[in-house]
Amino acid sequence: MPFPARSRGVIARAPAAWLACADLDMSEIPKAYEPSAVEDKWYQSWLEQGWFTADPSRVSPRRSAYSMVIPPPNVTGVLTMGHVLNNTVQDVLARKARMDGTEVLWLPGTDHAGIATQTVVEKTLRKQGLIRHRDDLDREKFLEHVWAWKDKHGGIIIQQLKKLGCSCDWTRERFTMDPEYSRCVQKVFVDLFRKGLIYRGRRMVNWCPVSRTALSDEEVIMKEQRGHLYYFRVQVVEADGSPVRVEAVPPTAGAPPAPVPGLAASAVGSGDAAPPPAWGPESDTEGRTWLIIATTRPETIPADTAVAVHPADPRYARFIGKFVKRALPLEGPALIPVIGDEQIDRQFGTGVLKVTPAHDAADYEIGLRHRLPVIEVLEADGTLNARAGRDLAGLDRMAGRKKAAELLEAAGTLVKAEPYVHNVGFSERADVPIEPRLSEQWFLKYPSVEPARVCVAAPGDSSPNKLRFHPDRWARVYDHWMANLKDWCISRQLWWGHRIPVWYSEGHTKLRRRLVITRLTGRELPGSNIRELRRSALDYAVRAGILGQDFLNLDTGQTIRVPKSSLQHAFSRFGVAHVKLVPALPGLLRHAVRVATEPHQPPSTQVKAVETYLAALQLGDQMFRVKFRVKVFPSNIRLYDHQAVLLWREKAIEPDGLKSPEVAAPGDHPSRPASGSGVLLADLVTDVNHDPAFTRCQETAPGPEWTQDPDVLDTWFSSWLWPFATMGWTGDPARDAANRTLQTFYPTTDLVTGPDIIFFWVARMIMAGYEFTGQMPFRHVYFTGIIRDRLGRKMSKSLGNSPDPLELIAQYGADALRFGTLRSAPLGQDVLFDEQNVELGRNFCNKLWNACRFRQLQGGAVEGEIVPERLTSDDRWILLRLDQAIREISRAFAEYKFNEVAATLHRFFWSEYCDWYLEAAKAALQAPDPARRTNTLAVMDFVLNHTLRLFHPLLPFITEELWHGLGYARDLPPDQGGRTIQFAPWPKPLSEEEKAWFGLDGAVETRAAAKYELVSLGRNLRTQFNLPANRRVTFLFRPADPLPSAELEVLRLLLNAEALQPVEPAWQPTRPMPSAANSLGELFLPLEGLVDAGAERARLNREREKVAAEIARVRDKLDNPTFVQRVPPAVLEEHQRRLAEWQAREAQVLQALANLPE
RNA sequence: GCGCGGUUAGCUCAGUGGUAGAGCACUUCCUUGACACGGAAGGGGUCAGAGGUUCGAGUCCUCUAUCGCGCACCA
């Protein structure tokens, strides 16, 4: 009967080539595995053979594609334990996929990491004394240094990944600043700009004073900081500066009597356990009134432009409309208003808030609501400027804070300073507090939000076509973030990165003058309907001297006339709301800057030229650029013409705080003819950033007179394209359709990354995937844990708690590091790294090495086929355990539970194969019968062959070495493991047919288990009676059923017994003799000399108690009628079986007790 | 404040309603022909607490305590 053919080249016989290997001099095989030479040798060989290189042409309906893109490490970074975990998982997936017979692309590369890299290079240059700040060099010079740095340090991490064994397709390695990649980034920017999703605006952003750049919200991490809460007082005054008298402050019900400042202790740092005072307005002996304000940032007092209280706060409401004397700067006391705002928390501090619109996001919004001026006292580098006053100017903000408190104390206005713990936003990279700062930045409204939001399977949702997170609970985090998206600040004030592909014409930079308009009131524009209002507006224009008047433009010295027809058009269709620009017109005409002079389109003899002007205009709370044109006639008369392009909807003009403007649809950009109908003056309000006459967003420079935006893009703005940009995506449908890599391997199968970049990277990649390729970029996202040290701290260079993975590899081997890391990294839990895990990995590799070495040492003439008739019970048992291990490991792989894979392999190989099978097999190997020996070696080869394959994804190096060393490669087809274990098919569980062929059934398992249990019991007897392990002993064995001699020999060997002497079933010990029994039979340990019968009785009684307790437990359940009725039959049977077993054991123990003499 | 995760052996952690597990550490014995990076035996548990569902709960539900993380934040 032939051995059933196993699909895909699983061998069941020892390779014929075995003999060739057996020629090896045994002494040459080292006792301990020495990884370093093995690892380098094989990695080099793998690279030379090109086995990591993906070939789209090998993909077919029968051979599917598997792909991953590496999370690109910082190009100048070095390998951390986080990388080790992350890339080991990916390599395991890639190698498993190769063994599964798929065409694998694992696409590697590096990230330019804007801020991180630039900071490092700056620091280095400073250390070398070449610069003090990057501005000491010009952009090009600085970038030369960065590229030099990149060439020197870039790629180190790639070499390190190779050390780890990563099977990336290095022929496809990418860098985010590669020319092709940069083109993708530019193209995407231009595309989003044209879609109206990218805009520029002056907003409150997170500013890093060290890196001197804006950051996105995601790059700010809140940290608890110990600081002080400073209480200081300000005097309440009328608008003319006269004090608000004490009489104006009646005692408030419920409030304690206001402390008199002269008596109040001014105690800096007094944070004792005194109960918090109930705060309220104070009055002093001279009848003046004071408010007390609590702040953590006294250095920003000079930037305060109001003091705010809750309008319904009985303590303070009466002061709304009054003023206070700002405490700082000392030399320039100013009056700032007391305002009422519902957002004030009456409970917090004193209930009085200082409002600093320039340096606090919340205050900025209050400032918008109350139209407060903005005073900036902090510079980009975090130092205080002249507006902070002479005492603070030039100080760093932290020093300024201390100084400001001292100034207040010296002035007698500091009430107290108490220790205070609060959350402060820190720059992730520079690890310094960020500064909220108003600045002009580029923002992106996220694209394809909806498809990206719904494509991710919610926890528990198993719909087949969705993108799945592992573990799925991260979907909730993702969903929450996606539902609360805020526009992404994508510009960085750096040099290292993708420069923003926007160019400005000269006019853009010329624009400096600012106009402030006043609004017309109903008195000036009376009217009860549009028609009346329009007439009033025209009348107003006449009265105000706008119509028909000449205005001198200060920029050109030319006069510009406003013809009546122009304004008539303006008022022809629209309501009064738009007339508000009318009074600004004279100013516009005077202060506008001419930015272009062009011929009239279409060419006209009547118009010599058309001049384009720009002016800055503050309207309400926002700054706009106003563009208008002036026609120059042959007579050199210049006539105002109000043609403009409408870009923003009306509501965009409303001060909307930090919300991004609604962008007009393309259809709303009418190219209206000059002097055409339907143009209104408000249309003139435009943003030059979106006017193609002055701003061009395109991939290449429009011309020499254009200057490019100096900023670069956030690094993540390139990373979010990684899955397809690395595959050569161009955005050109025809070219992309011809791109075989892209068509074959995109979307990718798995993404492996840490949950800490779920917002930075994963979410954005999903949106970019949908926006630019129309599909999700990956099917599965596996989130690793975060590696922490033994104390649970995140690993970091500054803490010095991050071991160097390369040192670990040198010391223990790459396989050991991989195994140890995986074994301690359960799905979705953080990993507390402990070097002992790596040691465990090394020990394990050594065990594997030696188990194979043992097989090698047996050598000799080996006949390949397993003969089922000759299989021992141990052989059958280990085949069943192997089958079980294959099932468990395959399932764990499918569930991304790599720690279970490692644990199962560990258990199977160490506890089952080595501890039991291998020891038992020694009996057969020492047997005189060569056929028995041969068959056992065939089983060992079968199991080892499968085992090495199961281990390969985790331990690539040692398995390849052993695969060849044991000769398993020789007999196989080249692409099925013949040249490398990498392509050996992944083991399949045994089929029913195969199990029948080998004679494997449940009885085999229970019988073997009983045998090993009896051995344990026997060994236990040895120990109990203090027989040293090297003492040769003889056991007597009374089998329950007769055992073949081969089995007895196995038992003897496992018991480490000199002899195992069978006795008749009726035999009884004639003297006290320790014994142990189970279903297989009873072991007796005949000791020379007397055994203490009392001691043996005591031992047996302990055993009996234990057994009795077990019996009671099971019986309790079985005696419960509802249990018997309701429990599933299988469980009931299990309990009954268990009861029978324990009862049998009890009987044996009782018998043994009875055999003891009194 | 909201959300998520954790709490199981001395430590680090698995655990899928049905006999509480692993590695390390610990105790004792052993260098026996693969391995001392090893082998054998052993000790060690109120599964954070309370309540509930169930024949049965470490596992499911509710609450509490506690630790960690994320989001949002008050000056």
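Side chains included, hydrogens not; waters and symmetry mates left out as well; all remaining heavy atoms used. Every chain is numbered from 1, with letters handed out A, B, ... down the list of sequences.
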Partner residues of [X] under the side-chain contact (heavy atoms from CB on, under 4.5 Å) criterion, sequence neighbours left out:
X         : value
Glu428(A) : Glu219(A), Ile221(A), Phe760(A)
Arg887(A) : Asp883(A), Pro989(A), Lys995(A)
Tyr896(A) : Leu93(A), His470(A), Asp750(A), His780(A), Tyr782(A), Phe898(A)
Leu840(A) : Arg823(A), His906(A)

So, the side chain of [X] versus the backbone of [Y]: is there a donor-acceptor pair under 3.5 Å, distance only?
X          : Y          : answer
Thr295(A)  : Arg297(A)  : yes
Arg1022(A) : Ala1029(A) : yes
His1135(A) : Leu1118(A) : no

Q | Strand-adjacent residues in residues 300-309 of chain A, judged by heavy atoms under 4.0 Å from RNA chain B | A |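 Nothing qualifies; none.
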[X] near the nucleic acid: base, sugar-phosphate alone, or nothing, with a heavy-atom cut-off under 4.0 Å?
X          : result
Ala903(A)  : nothing
Ile786(A)  : nothing
Gln1125(A) : nothing
Cys845(A)  : nothing

Q.
Taking the P atom in each of U27(B) and G68(B), what is the distance between them to the nearest angstrom?
A.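 Those two atoms are separated by 33 Å.
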**Q.** Integer angstrom distance from the C1' of C71(B) to that of C26(B)
**A.**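 Pairwise C1' distance, C71(B) against C26(B), rounds to 44 Å.
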Can you tell me how far [atom2] of [N] sits from [atom1] of [X], to the nearest Å?
X          : N      : atom1 : atom2 : value
Tyr913(A)  : A34(B) : OH    : P     : 12 Å
Asp834(A)  : A25(B) : CG    : P     : 11 Å
Glu839(A)  : U12(B) : CD    : P     : 18 Å
Asn1120(A) : A57(B) : CG    : P     : 11 Å
Arg1022(A) : C29(B) : CZ    : C1'   : 10 Å
Asp756(A)  : G68(B) : CG    : C1'   : 15 Å
Arg1031(A) : C30(B) : CZ    : P     : 12 Å

Q) Mind checking what makes ring pair (Phe, Tyr, Trp, His ring centres under 6.0 Å) contact with Tyr316(A), not counting sequence neighbours? A)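 Not a single residue meets the ring pair (Phe, Tyr, Trp, His ring centres under 6.0 Å) criterion with Tyr316(A).
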Give me the distances for all protein-to-nucleotides 41-45 of chain B N/O pairs that come in under 3.5 Å?
from	atom 1	to	atom 2	distance (Å)
A41(B)	OP1	Ser1016(A)	OG	3.4
A41(B)	O3'	Asn1020(A)	ND2	3.2
A41(B)	O2'	Thr1023(A)	OG1	3.4
G42(B)	OP1	Asn1020(A)	ND2	3.4

Q) To the nearest 0.5 Å, how far apart are CZ in Arg1113(A) and CZ in Arg1115(A)? A) 14.5 Å
**Q.** Canonical and wobble pairing (Watson-Crick, G-U, under 3.5 Å) of RNA chain B, dot-bracket with |
**A.** ((((((((.[[[[.)..(..]]]].(((((.......))))).....[[[[[..)....]]]]])))))))....
Q: Report, as a single string ordered 5' to 3', how protein heavy atoms within less than 4.0 Å touch nucleotides 16-24 of chain B: B base, S sugar-phosphate only, - not at all.
A: B-BBS-SSS
**Q.** salt bridge (charged side-chain N to carboxylate O under 4.0 Å, His left out) partners for Arg326(A), two or more places apart
**A.** none
Q. Quick one: is U31(B) close enough that its OP1 or OP2 comes under 4.0 Å of any side-chain N or O from Asn1030(A)?
A.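 For Asn1030(A), the contact criterion (side-chain N or O under 4.0 Å from OP1 or OP2 of U31(B)) is met.
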**Q.** Within the 6.0 Å centroid threshold, strictly below: Phe783(A) and Tyr478(A)
**A.**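 That pair fails the under 6.0 Å test.
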Q: Spell out yes or no: do the side chain of Lys31(A) and the base of C35(B) have one donor N/O and one acceptor N/O closer than 3.5 Å?
A: no
Q: Find out whether the Lys NZ or Arg CZ of Lys922(A) is both under 6.0 angstrom from the six-membered ring centre of Phe854(A) and within 45° of the ring's axis.
A: yes
Q) For Lys1106(A), does the NZ atom sit with more than 12 other heavy atoms under 6.0 Å from it, leaving out its own atoms? A) no
**Q.** Residue pairs, two or more places apart or on separate chains, that pass salt bridge (charged side-chain N to carboxylate O under 4.0 Å, His left out) and touch residues 753-763 of chain A
**A.**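 Matches after skipping sequence neighbours: none remain.
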Q: Classify the side-chain pair Tyr1012(A)/Asp874(A) by whether it contains a donor and acceptor separated by less than 3.5 Å.
A: yes
Q: Could you tell me how the ring of Trp279(A) sits relative to the ring of Tyr231(A): parallel (under 30°), tilted (30 to 60°) or perpendicular (over 60°)?
A: parallel
Q.
For Phe951(A) and Phe844(A), take the angle between the two ring planes, folded into 0 to 90°, and tell me which bin it lands in: parallel under 30, tilted 30 to 60, perpendicular over 60.
A. tilted
Q: Could you work out which one of C4(B), G39(B), C37(B) sits closest to the side chain of Lys847(A)?
A: G39(B)
Between protein and nucleic acid, restricted to nucleotides 73-75 of chain B and to nitrogen or oxygen atoms under 3.5 Å apart, what atom pairs and distances do you find?
from	atom 1	to	atom 2	distance (Å)
C73(B)	N3	Asn423(A)	ND2	3.0
C73(B)	N4	Asn423(A)	ND2	3.0
C74(B)	O2	Asp345(A)	OD2	2.5
C74(B)	N3	Asp345(A)	OD2	3.4
A75(B)	O3'	Thr296(A)	N	2.8
A75(B)	O3'	Thr296(A)	OG1	2.8
A75(B)	N6	Asp345(A)	O	2.4
A75(B)	N6	Phe348(A)	O	3.3
A75(B)	N1	Asp345(A)	N	3.3

